[in-house]
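One structure below.
The structure presented is a predicted model; accordingly, all values stated were derived computationally and were not measured.
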Amino acid sequence: MGCYNGNFLLALVSGIGISILTFSKIITHLLEVQPILVWSFFFGLVIASIAYIWKEITSWSFKIIVALLIGVAISYYITIARPTESPESYPYLFLSGFIAIIAMILPGVSGAFILLLMGSYQTVIGTINQFREGITSMNFEIIGQALLKLMTFALGCIIGLKLFSKVLHWMFDNHKNTTLALLIGFMIGSLNKIWPWKEVLETRTNSHGEVVPFLERSILPQNFNGDPQILTAIIMLVCGFVLIFGLEKIANQLGKN
């Protein structure tokens with residue numbers, strides 16, 4: 001069992017590492033030049049994940065519905081609450097890693113989704129790009145700064161995995177439907193965070209001296225200041241939705257073989 005878990009974790013970490021190093025620069029660029037389309041794609045991914053997990057619930061009861069509503073309320077509040085710390089601060093990076101790794105061991109929920117919800121996704125991706133650029137230019141100051149942030153994030157992941165893996169295993173063994181309903185509620189409430197059309201209420205200056213959004217609110221496409229790209233956004237949403245179910249179908253076929 002230990003060997004099996006070790007091989008599984010090695011494959012998981014390797015896959016995450018390769019995908020991050022390969023796509024982090026591309027995702028960062030796309031978030032800068034085509035934010036509406038990227039967020040629309042993520043929106044489709046989350047809707048598909050909700051539908052996927054919903055199918056896993058075998059029966060509904062009052063308790064399960066309450067768990068769903070609690071998940072919606074908590075998650076939605078997180079999306080509208082004023083951040084107490086910058087996503088680039090070390091305590092917040094630790095917390096992001098701590099929570100993101102818990103999501104990664106849940107069915108249908110990704111660590112990237114949690115990072116998006118917490119506003120840490122671009123920070124983590126940007127730090128990885130900073131680390132890569134530091135290595136390329138052999139700038140040890142940049143390497144040290146990026147490495148310290150990444151180690152803080154990784155420490156949160158390790159501690160989160162150690163503390164909650166057995167708890168989550170127990171929850172799924174004894175309260176599977178309630179746990180899944182809570183997860184679904186969490187994702188429904190979080191849709192406000194990844195809604196493609198936003199109005200910036202407040203900004204902040206990040207560690208690179210760039211002015212970035214700090215507090216935003218969701219608005220209707222027709223109220224967006226600029227080209228709302230509605231048709232293209234819908235296409236990207238559908239692509240994200242179809243991708244999840246396509247991967248599910250492939251996984252089911254591989255499981256049968």
Task: Student check: side-chain heavy atoms of Ile50 and Leu191 closer than 4.5 Å - done: yes
- [ ] Report yes if the side chains of Pro228 and Trp197 come closer than 4.5 Å at any heavy-atom pair, otherwise no.
- [x] yes
TODO: Using atom types as modelled and distance alone, determine if a side-chain donor or acceptor of Asn177 lies under 3.5 Å from a backbone N or O of Thr58.
DONE: yes
Open item on the list: Does Phe98 form a side-chain contact (heavy atoms from CB on, under 4.5 Å) with Leu155? I'd like the steps, not just the answer.
Closed with: CA-CA 8 Å; Phe98 185 88; Leu155 182 62; over 6 Å; no
Task: Smallest separation among heavy atoms of Ile194 and Phe42, with atom names - done: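 Minimum heavy-atom separation between Ile194 and Phe42: CD1-O, 3.9 Å.
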Task: Closest heavy-atom pair and its distance - Pro196, Ser40 - done: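 The answer is CG-OG, 3.3 Å.
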Task: Stepwise side-chain contact (heavy atoms from CB on, under 4.5 Å) check, Leu37 with Gln229 - done: CA-CA 8 Å; Leu37 302 188; Gln229 301 176 276; 4.1 Å; yes
- [ ] Return yes when atom NZ of Lys55 has more than 12 non-hydrogen atoms of other residues, nucleotides or ligands closer than 6.0 Å, and no otherwise.
- [x]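 Atom NZ in Lys55 is packed in, count exceeds 12.
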- [ ] Count the heavy atoms of every other residue, nucleotide or ligand shown that sit under 6.0 Å from CD of Gln222, and state whether that count exceeds 12.
- [x] yes
Open item on the list: Using 0.5 Å steps for rounding, measure from the OG1 atom of Thr232 to the CG atom of Asp227.
Closed with: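 Between Thr232 OG1 and Asp227 CG, I get 7.5 Å after rounding to 0.5 Å.
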Task: Rounded distance (nearest 0.5 Å) linking atom OG1 of Thr178 with atom CG of Asn174 - done: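 These two atoms lie 10.5 Å from each other.
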- [ ] Please state whether the rings of Trp54 and Trp60 are parallel, tilted or perpendicular, taking 30° and 60° as the class boundaries.
- [x] tilted
